[in-house]
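To start, the structure itself, in structure tokens.
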Amino acid sequence: MAEPHRSGFACFVGRPNAGKSTLTNALVGSKVAITSSKPQTTRHAIRGIVHRDDAQLVLIDTPGLHRPRTLLGERLNDIVHSTWSEVDVVGLCVPANEKVGPGDRFIAAELKKIAKRTPVIGVVTKTDLVKPEQVAEQLLALQEVMEFAELIPVSAVDGFQVGALSDLLVRHLPEGPQLYPGGELTDEPEQTLVAELIREAALEGVRDELPHSIAVTVEEMLPHEGRDDMIDVHAFLYVERPSQKGIILGHKGERLKDVGARARQQIEGLLGSKVYLDLHIKVAKEWQRDPRQLRRLGF
């Protein structure tokens with residue numbers, strides 16, 4: 001007898017910078033979530049679709065759960081909690097190279113509330129950064145935090161056990177047909193993905209206090225006049241203070257040019273077309289704390 005086809009939803013949760021987005025991309029086999037060494041890079045629940053002969057696994061990459069200091073932080077935490085209530089299985093990601101801390105215990109305490117109805121898998125990420133004995137120690141430490149349905153160490157960077165994690169997640173999905181057409185890797189609108197790629201390029205090399213202040217909106221994407229092999233992308237990069245605008249612009253606008261060049265390369269890969277990127281910086285004062293501005297920026 002052939003195994004029944006399974007389909008459903010899984011999400012990765014964890015502290016900011018636990019490797020959730022990189023793991024999502026590794027499982028999907030393509031870049032659907034932006035990654036950065038800056039905490040709280042992810043701001044939307046991005047869906048990545050894993051197509052297998054025996055299953056369709058829809059991964060939801062959520063923002064890092066944290067104690068919020070702004071209205072934006074509260075809204076990001078709301079996204080995480082609402083996602084938990086919708087999925088079939090949850091993976092709690094804890095990096096192998098950082099001690100299990102209060103943040104992990106706080107998330108585990110929240111997950112215990114849903115663990116009776118939704119299986120929770122403990123995932124030790126970034127195993128490529130430590131020795132095997134440290135991975136073993138981390139698995140033991142994680143076991144103390146809560147009772148997991150399964151525990152698995154993985155590395156998205158060198159592919160260690162990524163396939164095994166996919167199998168584990170699929171095992172907890174209900175039987176059912178495909179939820180999305182074959183070939184689709186995400187259900188995110190192209191404009192959302194383009195805005196995220198611009199934000200990723202802008203995050204590279206900025207000072208620690210700046211990442212949270214950066215937001216990007218794509219105002220329009222349309223064919224370039226007189227050329228059918230090019231798309232015009234008009235976007236705004238928002239910061240909270242005029243001094244931050246200077247940081248993003250750089251000396252004689254060099255930094256913004258660099259951001260544009262990096263983003264354009266990624267957007268061309270996503271859209272499969274040449275791109276003309278028109279990028280401007282705007283100051284939206286204290287937007288992370290202003291409900292009206294948060295709505296305008298898509299939160």
Side-chain angles (χ1 to χ4, degrees), residues 21 30-36 38 40-48 61 63 70-73 75-76 78-79 184-206 210-250 252-299:
S21 299
S30 182
K31 184 169 184 165
V32 293
I34 71 168
T35 57
S36 163
K38 306 289 177 193
Q40 283 149 54
T41 298
T42 304
R43 285 187 182 157
H44 302 273
I46 302 278
R47 285 189 171 91
D61 180 36
T70 62
L71 185 56
L72 172 66
R75 298 232 168 132
L76 296 185
D78 289 344
I79 291 170
E184 272 192 29
L185 297 178
T186 180
D187 65 352
E188 287 301 306
E190 276 183 345
Q191 282 194 214
T192 304
L193 291 171
V194 167
E196 288 288 87
L197 289 172
I198 295 168
R199 191 163 64 87
E200 180 182 51
L203 284 171
E204 283 310 304
V206 296
L210 195 53
H212 310 290
S213 301
I214 296 173
V216 176
T217 60
V218 172
E219 300 302 305
E220 58 179 359
M221 283 168 47
L222 61 172
H224 190 82
E225 205 174 320
R227 284 185 64 173
D228 50 14
D229 65 335
M230 183 176 266
I231 294 168
D232 289 352
V233 175
H234 299 276
F236 287 113
L237 201 157
Y238 290 89
V239 291
E240 293 189 293
R241 294 189 293 282
S243 60
Q244 295 171 337
K245 184 174 180 176
I247 294 170
I248 297 284
L249 266 173
K252 293 186 176 173
E254 285 303 311
R255 194 150 188 291
L256 185 63
K257 269 192 217 153
D258 187 44
V259 168
R262 268 210 305 274
R264 193 179 68 248
Q265 194 180 2
Q266 294 280 350
I267 296 164
E268 287 178 344
L270 173 74
L271 302 178
S273 165
K274 288 253 180 254
V275 166
Y276 166 73
L277 177 59
D278 177 41
L279 185 58
H280 296 276
I281 304 174
K282 276 191 171 183
V283 178
K285 201 172 170 207
E286 300 291 337
W287 67 263
Q288 291 186 75
R289 291 172 168 79
D290 181 342
R292 199 170 53 85
Q293 295 204 84
L294 279 171
R295 271 198 305 278
R296 197 167 49 108
L297 294 171
F299 299 105

I need the [X] [atom1] to [Y] [atom2] distance, nearest 0.5 Å.
{"X": "Met221", "Y": "Ile267", "atom1": "CE", "atom2": "CD1", "result": "8.0 Å"}
{"X": "Leu279", "Y": "Leu256", "atom1": "CG", "atom2": "CG", "result": "5.0 Å"}
{"X": "Glu225", "Y": "Met230", "atom1": "CD", "atom2": "CE", "result": "13.0 Å"}
{"X": "Ile214", "Y": "Glu200", "atom1": "CD1", "atom2": "CD", "result": "12.0 Å"}
{"X": "Leu203", "Y": "Glu196", "atom1": "CG", "atom2": "CD", "result": "9.0 Å"}
{"X": "Leu277", "Y": "Leu197", "atom1": "CG", "atom2": "CG", "result": "10.5 Å"}

Report yes or no: does Gln244 contribute a side-chain atom to a donor-acceptor pair with the main-chain N or O of Glu240 at less than 3.5 Å? yes

Hey, is the main chain of Val216 close enough, under 3.5 Å, to the side chain of Arg199 for a donor-acceptor pair? no

Do Lys282's NZ or CZ and the ring of Tyr238 fall within the cation-pi criteria of under 6.0 Å and 45°? no

Might you point out which heavy atoms bring Lys245 and Ile281 nearest each other, and give the distance in Å? CG-CG2, 3.6 Å

I need the minimum non-hydrogen distance between Ala235 and Ile198, along with the two atoms involved. CB-CD1, 3.7 Å

CD/Glu286: more than 12 non-hydrogen atoms of other groups inside 6.0 Å: yes

Quick one: list whatever passes side chain to side chain donor-acceptor pair (under 3.5 Å) with Asp278, sequence neighbours left out. His234, His280

Decide yes or no for Lys274 and Glu268: does some side-chain heavy atom of the first lie under 4.5 Å from some side-chain heavy atom of the second? yes

